[in-house]
Amino acid sequence: MPVPFLHFRTLYHRISHSHTPLLIRNLMAAAVPITPSNTRLGWIGTGVMGQSMCAHLIRAGYTLTVFNRTPSKAQPLLDIGANLAASPHDVASQSDVVFTIVGYPSDVRSVLLDANSGALAGLKPGGILIDMTTSDPSLAVEIAAAASSKNCHSIDAPVSGGDRGAKNGTLAIFAGGDESIVKKLEPLFTQLGKVNYMGSSGKGQYAKLANQITIASTMVGLIEGMVYAHKAGLDVGLYLDAISTGAAGTKSLDLYGKRILKRDFAAGFYVNHFVKDLGICLKECEILGIALPGLALAQQLYVSLKAHGEGDLGTQALILVLERLNNVSLPVPV
């Protein structure tokens with residue numbers, strides 16, 4: 001006779017009350033495939049990125065319980081079937097896998113590790129935390145240790161691709177933690193983009209920080225080229241089209257070139273959050289004993305945007321800094 005299907009929670013309960021060693025229990029739990037019929041999901045943080053990402057999972061048939069500090073930001077998800085919880089703890093108590101994508105490392109610590117309201121306190125043994133916030137690698141290691149002490153798992157899985165990647169389900173996902181758990185989570189990650197396993201806990205965060213370092217200098221180069229082209233009397237739109245298929249073609253150009261020309265500074269990724277990311281990068285550089293002057297320059301230029309009250313604009317608003325430095329203003333295409 002075929003072995004009857006067991007719900008994830010039922011199977012874990014049976015093996016966790018046996019005398020099977022912990023390693024074997026974890027391997028058995030990891031072997032249960034994730035499907036909409038046996039895995040309840042939680043989502044904490046329904047902002048620019050989180051809302052689109054969460055919606056993909058709902059449309060794939062998963063049951064979602066969500067939390068956001070501003071409940072109105074979760075309303076579009078409630079309209080398509082999500083359930084609203086009162087706290088991260090309440091999300092986790094109703095979920096097998098809990099995603100978080102919030103603003104700052106302090107927010108991550110609060111929503112996951114707070115002894116009373118945090119998600120880990122509400123998560124049952126065998127549960128999985130997935131933090132998709134760009135955060136401190138050391139905090140990812142701390143969360144993983146805290147989860148392990150409860151016979152749970154934690155994966156750090158920050159993402160790259162901006163609001164467009166979130167909407168299209170084409171994000172790059174950098175995963176750190178137990179590789180077998182990352183593989184188990186692939187049915188979920190596939191709904192959001194492409195997962196890349198980077199190594200042990202914290203390595204996902206290190207990969208994302210290296211990604212941000214690359215983006216920072218790339219964005220400076222893109223905008224400096226645009227300012228130069230303008231001052232040289234070129235049609236900047238034609239210039240961008242011309243370089244897009246050459247060696248200067250980049251994802252930043254594809255995502256932001258036309259937005260910059262149209263003065264569209266709506267946030268796909270907030271300046272405030274990018275300044276946070278670059279600050280973490282600089283702190284990690286000090287720990288690692290390396291000097292990255294391009295990173296330091298980009299961070300200062302973005303801090304200038306914050307100083308002008310432009311922290312809630314998107315990262316493409318860096319053009320404003322270069323325009324102020326050079327007393328120019330790029331024309332808006334007719």
For a quick test of reading the model, state the closest non-hydrogen atom pair linking [X] to [Y] and the distance between them.
| X | Y | result |
| --- | --- | --- |
| S154 | I143 | OG-CG2, 3.3 Å |
| A121 | K150 | O-NZ, 3.5 Å |
| L222 | S252 | CD2-O, 3.9 Å |
| G169 | H56 | N-NE2, 3.5 Å |
| A216 | A298 | CB-CB, 3.7 Å |
| P187 | K183 | CD-O, 4.3 Å |

Given side chains that start at C-beta, do those of [X] and [Y] come closer than 4.5 Å, heavy atoms only?
| X | Y | value |
| --- | --- | --- |
| L84 | V66 | yes |
| V227 | I319 | yes |
| T65 | R40 | no |
| L253 | T218 | no |
| L113 | E142 | yes |
| V275 | Y270 | no |
| K194 | I173 | no |
| L129 | I155 | no |

Salt bridge or not for [X] and [Y], using N-O below 4.0 Å?
| X | Y | result |
| --- | --- | --- |
| K124 | D96 | no |
| E284 | K208 | no |
| D136 | R109 | no |

What is the distance from atom [atom1] of [X] to atom [atom2] of [Y], rounded to the nearest 0.5 Å?
| X | Y | atom1 | atom2 | answer |
| --- | --- | --- | --- | --- |
| T39 | L57 | OG1 | CG | 11.5 Å |
| C152 | I128 | SG | CD1 | 9.0 Å |
| N116 | D114 | CG | CG | 5.5 Å |
| L313 | H308 | CG | NE2 | 12.0 Å |
| I58 | D79 | CD1 | CG | 10.0 Å |
| I44 | S87 | CD1 | OG | 8.5 Å |

Backbone N/O of [Y] and side chain of [X]: donor-acceptor pair under 3.5 Å:
| X | Y | result |
| --- | --- | --- |
| N326 | V328 | no |
| Q51 | K73 | yes |
| K184 | P33 | no |
| K276 | T134 | yes |
| D235 | L238 | yes |
| S95 | V91 | yes |
| S244 | D241 | yes |
| D264 | A266 | yes |
| S110 | S106 | no |
| Q316 | G257 | no |

Original post:
Is it true that Y239 and H230 have ring centroids separated by less than 6.0 Å?
Top reply: no

Subject >> Whichever hydrophobic residues join V141 through chains of side-chain contacts under 4.5 Å >> reply: none

Subject >> Derivation of the side chain to side chain contact (heavy atoms under 4.5 Å, CB included) call for Q212 and F269 >> reply: CA-CA 12 Å; Q212 300 302 75; F269 193 78; 4.0 Å; yes

Subject >> Verdict with reasoning, M226 to L240, per side chain to side chain contact (heavy atoms under 4.5 Å, CB included) >> reply: CA-CA 8 Å; M226 294 176 70; L240 291 178; 3.9 Å; yes

Flag yes if [X] and [Y] sit in one hydrophobic cluster, no otherwise; membership is Ile, Leu, Val, Met, Phe, Trp, Tyr, and two members link when side-chain heavy atoms are under 4.5 Å apart.
| X | Y | answer |
| --- | --- | --- |
| V111 | V48 | no |
| V220 | L305 | yes |
| L171 | L77 | yes |
| F189 | I34 | yes |
| V271 | Y104 | no |

Original post:
Residues in salt bridge (charged side-chain N to carboxylate O under 4.0 Å, His left out) with K231, at least two apart?
Top reply: none

Original post:
According to the salt bridge (Lys or Arg N to Asp or Glu O under 4.0 Å) rule, which pairs have a member within residues 152-165, sequence neighbours left out?
Top reply: D163-R259

Subject >> L295 vs L282, side chain to side chain contact (heavy atoms under 4.5 Å, CB included): CA-CA, chis, key distance, verdict >> reply: CA-CA 8 Å; L295 163 64; L282 288 170; 3.6 Å; yes

**OP:** Walk me through it: do N168 and T170 pass the test side-chain hydrogen bond (donor to acceptor under 3.5 Å, both in side chains)?
**Re:** CA-CA 5 Å; N168 295 336; T170 56; 4.7 Å; no

**OP:** Answer yes if the side chains of T35 and S37 hold a donor-acceptor pair under 3.5 Å, and no otherwise.
**Re:** yes

**OP:** Ignoring hydrogens and angles, state whether a donor on the side chain of D90 or Q94 is under 3.5 Å from an acceptor on the partner side chain.
**Re:** no

Subject >> Derivation and outcome, side chain to side chain contact (heavy atoms under 4.5 Å, CB included), residues Y206 and M198 >> reply: CA-CA 9 Å; Y206 279 122; M198 306 309 300; over 6 Å; no

